[in-house]
Amino acid sequence: MHVQICIIGAGPAGLMLARLLHLAGVSSVVLESRARAYVETRVRAGLLEQGSVDLMAATGMDERLRREAMVHDGTEYIAGGQLFHVDMWDLIQRRIYIYGQQEVVKDMIAANLAAGVPVIFEAEARKVGGLDTEKPFVEYAHNGAETTVTCDFIAGCDGFHGVSRAALPDAVRRDYARDYPFGWLGILADAAPTLPELIYCQNEERGFALFTMRSPKISRCYLQVAPDESEDNWSDDRIWTELALRLGDHEGVTLSTGAITQKSVTPMRSFVSEPMRHGRLFIAGDAAHIVPPTGAKGMNLAISDVYVLSRAMTEFYKTGATARFDAYTETCLRRVWGAQHFSWWMTSMMHNLPGENAFDRKRQLAELRTVLGSRAGQTLLAENYAGLPMEM
Ligand code: APR
Ligand code: PHB
C-alpha cells in the first residue's frame, strides 16, 4: 500500500489530521492498535477550547457537539474558603466547552469513515523507517499478518506510549520532564453538576478537588490523591465524604451526589520531547508532550499541533514549499510551552504539595487571592484557560 501520509494513532491528533488532509485533497491512512469500541469508550478529560471547537466546525465535525456540548462562559474557584467567579466571556469574550474526549473521537472516526478515509483498527505500528529518504515506511501487524505501508510522510500521533517518538535518534532528541508527587482520582457519577460552571477547589487542609460534568445529569469529579493510590481504596461513601469536605460550605452550593459509574487514578506529569520532526517523520500530540490534567490542555494541544502540520503538508503538495516543515517544531513548541507553563502553574497553585511548610501554604493562598482577586489576574487566567491562538 502507498499513501501520501501514514498516520499512526486514532486519537484526537491522528483523526483530526486525517480529516484536515482529506479536505485538502491529500490521501492518508490511519493505523490504530486498539479496537474501535475501545477508543470510542476510553474515558479522558473533556474540555475543548474555543479554537478546537472552531476547527471541529470548520471541518464539518461539530453537528453533535453543537447540540450536546455544555457551553461555559465562566469558571468558579474556591480558595481560602472563599468562592470566586471568573467571567471569561466578560473578560475576554471567549468561552470553553465540555464534551468528552471519547465523544470527539467518535465524531472524528465517523466523519473520516464516511468520507472514505481508511481508519484501520487493531493495526499496531511496529516499526517506522526510511525517515531520511523520500520513501519512508511503516510496518504494522493486522489480523495476524505483517504489512508495510510506504508513504511520503509519517505522522506519529500514537500517544505517549507509541513507537514514533523512539524513532528520533538519541543524538538529536532532548526530553524535558517533571513528575508531580500526587495523582487524580477521577469519577463519573449519575448526578447533576453541583453548579452550572466547573469548580476548581483548593482546600488548605485536604488538597485539590475539581467538580466538572459531562451532561446535565452526569458529574465528573476529581480528587488529589497519592500518586500510587489505588481506586480500590476509595468506596463511594469515602469519595462523596471527601468531595464534600474539600468543597466546604458556601451559600448556594450543595454537593450533588449519585451512583458512581466509573473511577480511576491518573498520574500527573509534564513532559516535552523535541524536536518534533526527524526527516520525514513528524510527531504530534501526546507522542511529543504531556501536560498534567489541571486546565485540560492535552486534547487541545493535540488538535493545534496537527492544525500546524496539516498546513505544512497541504502547502507542500500545492507548491512544493518546505518552509512550514522546517518551522514545525518551533511553531508548535511556542504554544506547547505556553500550555506547559499554564498547566504547571494551575497545578502548583491548586494542589497541596507533600513536604511544603506553613510558609508555603500561606504563600500559595496569597497567590490565589492575588490572581482571583484582581481583574488583571483573572484576565491572564482566562486567556490561558480559554486557549492561546492555534498558531503563535
Ligand atoms: N500503532 C498504532 N496505534 C498506536 C500505537 C501503535 N504502535 N501506539 C499507540 N497507538 C494509539 C493509541 O491506542 C491511541 O488510540 O495511538 C492513539 C493515541 O491517541 P491519544 O493517546 O488520545 O493521543 P493524542 O491523539 O495525541 O491526543 C492527546 O489524549 O491522552 C489524552 O490527555 C491526552 O487529551 C490528550 C489527548
Ligand atoms: C474534565 O471535564 O474532565 C476536565 C475539565 C477541566 C479540567 C480537567 C478535566 O481542568
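None of these values were measured; they are calculated from a predicted model. Just so you know, ligand 1 is whichever comes first in the structure, and atom 1 is the first atom listed for that ligand.
Aromatic pair Phe325/Phe153: ring centres closer than 6.0 Å.
Remark: minimum distance from atom 18 (C) of ligand 1 to any protein heavy atom is reached at Cys157 O, 3.4 Å. Among protein heavy atoms, atom 6 (C) of ligand 1 sits closest to Ala125 N, 3.7 Å. The shortest contact between atom 25 (O) of ligand 1 and any protein heavy atom is with Ala13 N, 3.0 Å. Remark: minimum distance from atom 34 (O) of ligand 1 to any protein heavy atom is reached at Gln101 OE1, 2.6 Å. Closest protein heavy atom to atom 32 (O) of ligand 1: Asp286 OD2, 4.1 Å. Atom 17 (C) of ligand 1 has Glu32 OE1, 3.6 Å as its closest protein atom, hydrogens excluded (heavy atom only). Arg44 NH1, 3.0 Å is the protein heavy atom nearest to atom 22 (O) of ligand 1. Atom 2 (C) of ligand 1 has as its closest protein heavy atom Ser33 N, 3.2 Å.
Here's the thing with Tyr385: none of its N/O atoms is less than 3.5 angstrom from an N/O atom of ligand 2. For Gly159, no nitrogen or oxygen atom sits less than 3.5 Å from a nitrogen or oxygen atom of ligand 1, counting backbone and side chain alike. The N/O atoms of Arg42, backbone and side chain alike, include one that comes under 3.5 Å of an N/O atom in ligand 1. Taking any N or O of Thr212, backbone or side chain, at least one lies under 3.5 Å from an N or O belonging to ligand 2.
Listed by atom number, the atoms of ligand 2 under 4.0 Å from Leu47 heavy atoms are 6 (C). Atom numbering of ligand 2 starts at 1 in the shown order; those under 4.0 Å from a heavy atom of Leu198 are 5 (C), 6 (C). Atoms of ligand 2 lying under 4.0 Å from at least one heavy atom of Arg214, given by number and element, are 1 (C), 2 (O), 3 (O). Per-residue contacts place Tyr200 under 4.0 angstrom from the following atoms of ligand 2 (heavy atoms of the residue considered): 6 (C), 7 (C), 10 (O). Using a 4.0 Å cut-off to heavy atoms of Gly285, the atoms of ligand 1 that qualify are 26 (O). Listed by atom number, the atoms of ligand 1 under 4.0 Å from Arg34 heavy atoms are 13 (O). Of all atoms in ligand 1, numbered sequentially from 1 with element shown, those under 4.0 Å from a heavy atom of Gly162 are 8 (N). Heavy-atom proximity to Glu124, at under 4.0 Å, picks out these atoms of ligand 1: 1 (N), 7 (N). The distance from ligand 2 to the heavy atoms of Leu210 drops below 4.0 Å at these ligand atoms: 6 (C), 7 (C), 8 (C), 10 (O). Counting the atoms of ligand 1 from 1 in the order shown, those under 4.0 Å from a heavy atom of Ala302 are 26 (O), 27 (O), 28 (C). Listed by atom number, the atoms of ligand 1 under 4.0 Å from Met299 heavy atoms are 34 (O), 35 (C). Of all the atoms in ligand 1, the ones that sit under 4.0 Å from a non-hydrogen atom of Leu31 are 2 (C), 3 (N). Near Val39, meaning under 4.0 Å from any of its heavy atoms, are these atoms of ligand 1: 15 (O). In summary, the atoms of ligand 2 found under 4.0 Å from a heavy atom of Pro293, numbered by their order in the structure, are 7 (C), 8 (C), 10 (O).
Note: Phe208 and Tyr200 have tilted aromatic rings, judged against thresholds of 30 and 60 degrees for the angle between ring planes. Aromatic ring orientation, His142 versus Tyr140: tilted (interplanar angle from 30° to 60°).
A salt bridge links Asp90 to Arg375: at least one charged side-chain nitrogen sits closer than 4.0 Å to a carboxylate oxygen. For Glu242 and Arg238, the salt-bridge test fails: no basic side-chain N is under 4.0 Å from an acidic carboxylate O. A salt bridge is defined here as a Lys NZ or Arg NE, NH1 or NH2 lying under 4.0 Å from an Asp or Glu carboxylate O, and Asp326 with Arg277 meets this definition.
Within the structure, ligand 2 lacks Met346 among the residues with a heavy atom less than 4.0 angstrom away. Within the structure, ligand 1 has Ala123 among the residues with a heavy atom less than 4.0 angstrom away.
Counting non-hydrogen atoms of neighbouring residues, nucleotides and ligands closer than 6.0 angstrom, the CG atom of Asp170 reaches no more than 12 such neighbours.
The two residues Thr347 and Pro292 make their nearest non-hydrogen contact at OG1-CG, 3.5 Å.
Put simply, the side chain of Met56 reaches to within 4.5 Å of the side chain of Met16, judged on heavy atoms. Side chains of Arg335 and Leu301 form a contact here, defined as non-hydrogen atoms less than 4.5 Å apart. Ile7 has its side chain within reach of Leu21: a pair of non-hydrogen atoms, C-beta onward, lies under 4.5 Å apart.
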Quiz prompt | Full working for salt bridge (charged side-chain N to carboxylate O under 4.0 Å, His left out) between Glu315 and Arg311 | solution = CA-CA 6 Å; Glu315 186 166 290; Arg311 292 191 60 179; over 6 Å; no

Exercise. Output, in order, the C-alpha distance, side-chain angles, deciding distance and verdict of side-chain contact (heavy atoms from CB on, under 4.5 Å) for Gln202 and Tyr77.
Key: CA-CA 8 Å; Gln202 206 309 305; Tyr77 291 85; over 6 Å; no

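Take Ser348 and apply the side-chain contact (heavy atoms from CB on, under 4.5 Å) test, not counting sequence neighbours, and it matches Trp344.
For the residue pair Tyr97/Asp62, the side-chain donor-acceptor check at 3.5 Å is not satisfied.
A distance of 8.0 Å separates OG1 in Thr329 from CD1 in Ile283, rounded to the nearest 0.5 Å.
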